[in-house]
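Report on the following structure.
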Amino acid sequence: MTDANGADRTRIPADDLAELITAFDVGEVLDRQHLADGLMNVNWRLDTRAGRFALKRVTDVPLDRLRRNLAVLPFLASYGVPTCAPLSTVHGDVIAEVRGSGYCLFPWSTGEHVRGTDLSLAQTFELGTHLAQLSIRRSGRAARVERGTGRRELGGPVPGGLV
């Protein structure tokens with residue numbers, strides 16, 4: 001875990017950026033922009049010869065926990081939760097460690113940052129439904145949630161033996 005209270009959280013030192021370019025093999029950075037919406041971590045949009053990416057310097061959790069958290073993303077995606085899987089470094093890790101900081105890189109996803117308090121009732125219901133389904137599937141039981149009632153019907157075990 002790194003210090004989130006650095007003097008200038010918006011800047012990536014040139015030496016760090018050079019190591020990250022090599023680690024993720026994205027080629028020359030043509031443009032970078034700090035993204036102010038990050039609450040706990042520091043984020044940038046990178047435009048490179050290989051495409052547009054979101055770079056995250058993680059400051060809120062130890063790197064072993066970050067690896068565990070990032071490993072959950074493919075599971076969430078397999079159940080319809082919109083996620084972006086992190087890209088791997090040239091060494092196959094999803095985190096690049098540079099001078100005590102952990103960085104992860106994601107494909108850029110066009111859209112806007114929506115705060116939880118700005119979700120509509122319909123969006124909140126959809127999010128709750130996804131979370132309930134994930135919880136039930138993870139427990140090994142299938143369920144169907146009736147829209148607008150909050151009731152669910154449990155079925156048999158979920159195929160595939162999800163953990």
Side-chain angles (χ1 to χ4, degrees), residues 1-6 9-10 12 20 23-24 26 31-48 50-89 92-97 101-163:
M1 184 164 50
T2 59
D3 181 10
N5 298 315
R9 289 173 37 105
T10 66
I12 306 173
L20 292 165
F24 288 108
V26 293
D31 189 30
R32 68 179 178 248
Q33 178 183 353
H34 174 256
L35 304 173
D37 282 329
L39 179 63
M40 297 175 282
N41 300 299
V42 188
N43 304 288
W44 296 269
R45 186 191 74 210
L46 297 182
D47 291 315
T48 75
R52 182 172 278 180
F53 303 94
L55 176 68
K56 177 182 293 261
R57 180 171 55 213
V58 178
T59 61
D60 66 332
V61 296
L63 298 184
D64 61 330
R65 187 176 308 156
L66 175 61
R67 279 186 184 88
R68 181 204 66 193
N69 293 351
L70 292 174
V72 171
L73 294 177
F75 169 79
L76 294 174
S78 74
Y79 284 98
V81 177
T83 62
C84 288
L87 301 175
S88 295
T89 67
D93 196 350
V94 291
I95 300 170
E97 296 182 52
S101 291
Y103 292 85
C104 44
L105 189 71
F106 299 87
W108 183 258
S109 180
T110 302
E112 66 181 81
H113 180 87
V114 179
R115 298 182 189 284
T117 55
D118 293 334
L119 293 173
S120 69
L121 189 54
Q123 290 170 317
T124 303
F125 181 85
E126 184 177 346
L127 177 60
T129 300
H130 275 300
L131 293 173
Q133 293 289 347
L134 285 170
S135 178
I136 291 165
R137 285 181 177 138
R138 190 164 185 270
S139 73
R141 311 243 337 142
R144 184 176 65 78
V145 177
E146 273 186 59
R147 185 171 181 88
T149 67
R151 293 188 326 221
R152 67 178 186 188
E153 295 177 11
L154 291 176
V158 173
L162 294 173
V163 261

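Interatomic distance, CZ of Arg65 versus CG of Leu70, reported as 13.0 Å (0.5 Å rounding). Rounded to the nearest 0.5 Å, atoms OG1 (Thr110) and CZ (Arg52) are 7.0 Å apart. To the nearest 0.5 Å, atoms OG1 (Thr10) and CZ (Arg57) are separated by 9.0 Å.
Of the possible polar contacts, one joining the Asn41 side chain to the Thr59 backbone as a donor-acceptor pair under 3.5 Å is found. The closest donor-acceptor contact from the side chain of Ser135 to the backbone of Leu131 lies at 3.5 Å or more, if one exists at all. Under a 3.5 Å cut-off, the side chain of Trp44 and the backbone N or O of Ile12 do not form any donor-acceptor pair.
Side chains of Ile95 and Tyr103 form no contact here, defined as non-hydrogen atoms less than 4.5 Å apart. Side-chain contact between Phe53 and Arg45 is absent, with no heavy-atom pair separated by less than 4.5 Å. Between Val58 and Cys104, the closest side-chain pair of non-hydrogen atoms falls below 4.5 Å.
Shortest non-hydrogen contact noted between His34 and Asn43 is CD2-O, 3.5 Å. Across all non-hydrogen atoms, the minimal contact from Cys84 to Pro107 is SG-O, 4.2 Å.
Using a 3.5 Å distance cut-off with no hydrogens or angles, the side chains of Gln123 and Ser120 do pair a donor with an acceptor.
When Leu55, Asp31, Val26 are each tested for a side-chain contact (heavy atoms from CB on, under 4.5 Å) with Leu46, only one passes: Leu55. With respect to Phe106, the side-chain contact (heavy atoms from CB on, under 4.5 Å) criterion is satisfied by exactly one of Leu73, Leu87, Val94, Thr83: Leu73.
Electrostatic pairing of Arg67 and Glu97 counts as a salt bridge here, judged by a charged N lying under 4.0 Å from a carboxylate O.
Evaluation of the side chain to side chain contact (heavy atoms under 4.5 Å, CB included) rule for Asp64 yields Pro62 as partners, not counting sequence neighbours.
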